[in-house]
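Here the structure is laid out as structure tokens; the discussion comes afterwards.
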Amino acid sequence: MELALRNPFHVAIVSGVPGVGKTTVLGHVERLAQQHYPGKLLILNFGDFMLKAAQKEGLAEHRDQLRHLKHRQQVALQEVAARLIVEHASKELGPGDALIVDTHTVVKTPMGYWPGLPGHVVSILKPDLIILIEASPEAIAARRMRDEDKTRIRRDLGGVEDIAELMKYARITALASAVPAGSSVVWVKNPEGRAEEAAKRIIELLKML
Ligand code: ATP
Ligand code: AMP
Ligand code: MG
């Protein structure tokens with residue numbers, strides 16, 4: 001049966017504040033899924049698609065510049081990314097397969113908190129499930145510190161208190177984004193040194209869709 005609120009393949013959003021470990025956990029999911037997930041699994045990073053579109057327009061060179069662009073530019077890139085992701089997945093996946101989108105339910109920008117999954121994005125992605133990865137604010141601050149100057153520039157996002165505040169908004173926006181497509185929402189812990197446990201939990205959740 002075709003459902004207006006669903007894509008033919010399953011769609012899971014994996015979200016969480018910057019530095020919590022989404023991309024790391026999803027690396028484990030990709031590896032474990034080969035043996036433990038019955039369908040084909042495609043993991044796409046929303047920021048990669050936004051960045052590629054921004055680079056094409058000469059708007060940004062680096063992923064951590066995206067949240068500093070003008071608001072309307074970010075809105076436009078967000079919609080382009082959602083469309084390209086579903087277009088790409090539709091070519092590769094069918095019923096029984098799953099798409100995971102590595103993204104954010106809330107983005108902290110210089111002009112305020114901004115929903116990562118507003119109506120125009122949810123209506124394209126049509127998620128079955130929204131997973132919110134969490135860890136303690138202290139652990140997240142330490143993880144960000146370890147990355148700084150290597151690959152990522154997250155200094156603008158503040159310290160432990162700012163992380164705790166953003167985590168609160170990440171929960172609220174995850175639930176709000178679940179409403180239009182009737183998605184379920186689950187918190188998954190990513191404890192220090194145990195990213196593989198979080199990955200196993202995500203695979204269990206995918207199998208329930
Ligand atoms: P962003 O939203 O900015 O892309 P992210 O949520 O994808 O961030 P990662 O880049 O995956 O975060 O991880 C941030 C840092 O935390 C990396 O250095 C990674 O190795 C480390 N990390 C991730 N999970 C754990 C864990 N369970 N224990 C210890 N370190 C971790
Ligand atoms: P990430 O690598 O997950 O941090 O993504 C890079 C950047 O892409 C983020 O810092 C945001 O600026 C942007 N981004 C990712 N997902 C979204 C989204 N759903 N809505 C708006 N911006 C996003
Ligand atoms: Mg990431």
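Order of appearance sets the numbers: ligands from 1, and atoms from 1 within every ligand.
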Shortest protein heavy-atom distance from atom 5 (O) of ligand 2, along with the residue and atom involved: Gly47 CA, 3.7 Å
For Ala195, atoms of ligand 1 separated by under 4.0 Å from a heavy atom: 27 (N)
The one among Met145, Arg143, Lys189, Arg152 that brings a heavy atom closest to atom 31 (C) of ligand 1: Arg143
For atom 9 (C) of ligand 2, the protein heavy atom that lies nearest, with its residue and separation: His104 NE2, 4.2 Å
Sub-4.0 Å heavy-atom contact, Gly16 with ligand 1: no
Side-chain heavy-atom pair Arg201, Leu205 within 4.5 angstrom cut-off: yes
Numbering as shown, the atoms of ligand 1 that approach Arg146 to under 4.0 Å (heavy-atom distance): 29 (C), 30 (N)
Under 4.0 Å to a heavy atom of Gly193 - the qualifying atoms of ligand 1, by number: 26 (C), 27 (N), 28 (N), 29 (C)
Asn45 near the Mg ion (ligand 3): N/O/S under 2.8 Å: no
Region of Pro191 engaging ligand 1 - heavy atom pairs below 4.0 Å: backbone
Ligand 1-proximal atoms of Arg154, by part, heavy-atom distance under 4.0 Å: side chain
Residue, atom name and distance, where the atom is the protein heavy atom closest to atom 21 (C) of ligand 2: Trp114 CZ3, 3.3 Å
Atom 14 (N) of ligand 2: the protein heavy-atom neighbour that sits closest, reported with distance to 0.1 Å: Met50 SD, 3.6 Å
Ligand-side contact atoms (ligand 1) for residue partner Asp147, heavy atom cut-off under 4.0 Å: 14 (C), 15 (C), 17 (C), 18 (O)
Spatial distance of atom CZ (Arg154) from atom CG (Leu157) [nearest 0.5 Å]: 8.0 Å
Pair His120-Gln78, side-chain donor/acceptor within less than 3.5 Å: yes
Atom indices of ligand 2 within 4.0 angstrom of Leu66 heavy atoms, with elements: 7 (C), 8 (O), 12 (O)
Nearest non-hydrogen protein atom, atom 20 (N) of ligand 2: Gln78 NE2, 3.0 Å
Contact check, side chains of Ile100 and Glu30, non-hydrogen atoms, under 4.5 Å: no
Gly19 N/O to ligand 1 N/O under 3.5 Å: yes
Residue and atom name of the nearest protein heavy atom (relative to atom 11 (C) of ligand 2), distance in Å to one decimal: Val107 CG1, 4.2 Å
Heavy-atom neighbours of Met208 CE exceed 12 at 6.0 Å: yes
Thr24-ligand 1 polar pair, N/O distance under 3.5 Å: yes
Under 4.0 Å to a heavy atom of His104 - the qualifying atoms of ligand 1, by number: 2 (O)
Nearest protein heavy atom with distance in Å, relative to atom 16 (N) of ligand 2: Thr103 OG1, 2.8 Å
Atom indices of ligand 1, in the order listed, that fall short of 4.0 Å to a heavy atom of Arg194: 27 (N)
Minimum-distance protein heavy atom relative to atom 10 (O) of ligand 2: Arg67 NH1, 3.1 Å
Gly116-ligand 2 polar pair, N/O distance under 3.5 Å: yes
Any donor-acceptor N/O pair, Asn190 side chain to Lys22 backbone, under 3.5 Å: no
Sub-4.0 Å heavy-atom approach of Arg152 to ligand 2: yes
Close approach, Leu117 and ligand 2, non-hydrogen under 4.0 angstrom: no
Thr23 and ligand 1 - part of the residue with a heavy-atom distance under 4.0 Å: both
Gln74 N/O to ligand 2 N/O under 3.5 Å: no
